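Below: one structure, written as structure tokens.
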Amino acid sequence: MPDAKPDARAASRSKVSATVDIERSGRQVGHLAVPHSRDDSAWGAVRVPIAVFKNGKGPTVLLTAGNHGDEYEGQIALRKLIRSLDPSAIQGRVIVMPALNGPAVEAGRRLSPIDGVNMNRAFPGIRDGSVTRMIAHYVHSELLPHVDAALDMHSGGKTLHFSPLAAIHALDDPGLMARTRAAMLAFAAPIALVLRELDAEGMLDTAVEDLGKVFVSTELGGGGTTSTATIAIAERGVQNLLKHLAILAGRPETRESLGLPPTRLMRTPDQGYVIADDAGLLEMLVDLDQKVRAGQPVAQVYRLDRPSEAPVAYPARVDGVLIGRAHQCLVKPGDFVGLVAQAE
Ligand code: CA
């Protein structure tokens with residue numbers, strides 16, 4: 001007998017197992033088990049929580065948070081959703097992963113402490129890779145083919161701080177861009193941002209966009225903490241997106257209907273990023289949401305070993321509004337200092 005040919009499909013299937021079945025109707029709350037053999041647990045596995053709600057006919061949305069473990073609004077809003085969403089009230093399917101990079105969430109860190117990998121640079125993942133890459137591979141190979149739209153909620157984490165915003169990438173396909181933009185606006189964050197990334201390869205965003213599906217992200221605050229205001233934005237945004245996709249009945253709640261200023265539509269110009277060239281102590285000279293002019297210093301950096309030396313000024317390169325900033329006061333060359341956005 002010749003050796004059996006390896007089954008190509010079996011060879012490409014994720015090694016991650018799930019206690020939930022995404023084809024089953026109703027509410028299921030379980031976990032993924034990611035094989036992780038190690039000295040202290042020979043047959044061990046890392047568990048990543050996942051919930052599936054399915055009823056009737058309608059689109060499938062994937063809601064994720066904890067892609068970076070130290071960003072919290074999305075994690076809290078999705079845990080609330082898992083406990084409150086009534087499966088009989090939906091038409092379609094809602095897949096919820098409130099701690100996408102489970103080990104990073106448990107450690108309160110941006111990156112996984114197991115393999116040091118950034119989940120948002122790990123897509124499309126590797127079937128037989130490290131834990132973070134196996135989670136990414138599961139999401140890419142087992143979930144994304146069934147998904148019509150995805151929302152991945154970020155915040156600034158321990159080192160950055162953002163004015164609360166929903167964000168999308170500028171996309172070449174005009175039809176997909178229009179649908180993606182409408183989903184971003186339905187989220188009803190204070191700012192809706194068309195973002196240019198410093199480095200978009202390996203992101204969940206790019207993986208979903210490349211499949212021709214709607215992808216919305218957020219940056220809802222930062223500093224490794226939350227506020228009542230940013231959590232409210234996250235919770236309302238999730239409900240609004242489910243209504244926008246007609247998975248939940250009703251119309252999205254607009255900011256105007258809540259007596260809030262309307263969403264500001266903005267974009268990041270190429271020159272919007274301000275990056276440190278010096279190591280030292282960072283003093284912000286402009287607060288989030290303040291207007292800046294090109295050439296106006298947004299921050300200055302003091303050399304720690306030269307107290308008599310003037311600090312180095314970091315000017316904005318374009319007119320606009322400061323929507324992101326460093327949260328930490330110690331910077332090194334290459335660190336992010338600030339992000340200036342302009343009205344679209
Ligand atoms: Ca993030």
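Whatever order the structure lists ligands and atoms in, that order sets their numbers, starting from 1. Since we're looking at a predicted model, the values are computed, not measured.
- Applying the side chain to side chain donor-acceptor pair (under 3.5 Å) test between His68 and each of Asp152, Asn120, Asn101, Asn118 identifies Asn118 as the sole match.
- Taking the N/O/S atoms of His154 in turn, the shortest distance to the Ca ion (ligand 1) belongs to ND1.
- In this structure Ile126 satisfies the side-chain contact (heavy atoms from CB on, under 4.5 Å) test together with Arg133, sequence neighbours excluded.
- Take the N/O/S atoms of His68: the one nearest the Ca ion (ligand 1) is ND1.
- At a cut-off of 3.0 Å, Glu219 does not coordinate the Ca ion (ligand 1) through any N, O or S atom.
- Note that the OH atom of Tyr138 and the CZ atom of Arg127 stand 14.5 Å from one another [nearest 0.5 Å].
- Contact record, Val216 with Ala166: CG1-CB, 4.4 Å, taken as the closest heavy-atom pair.
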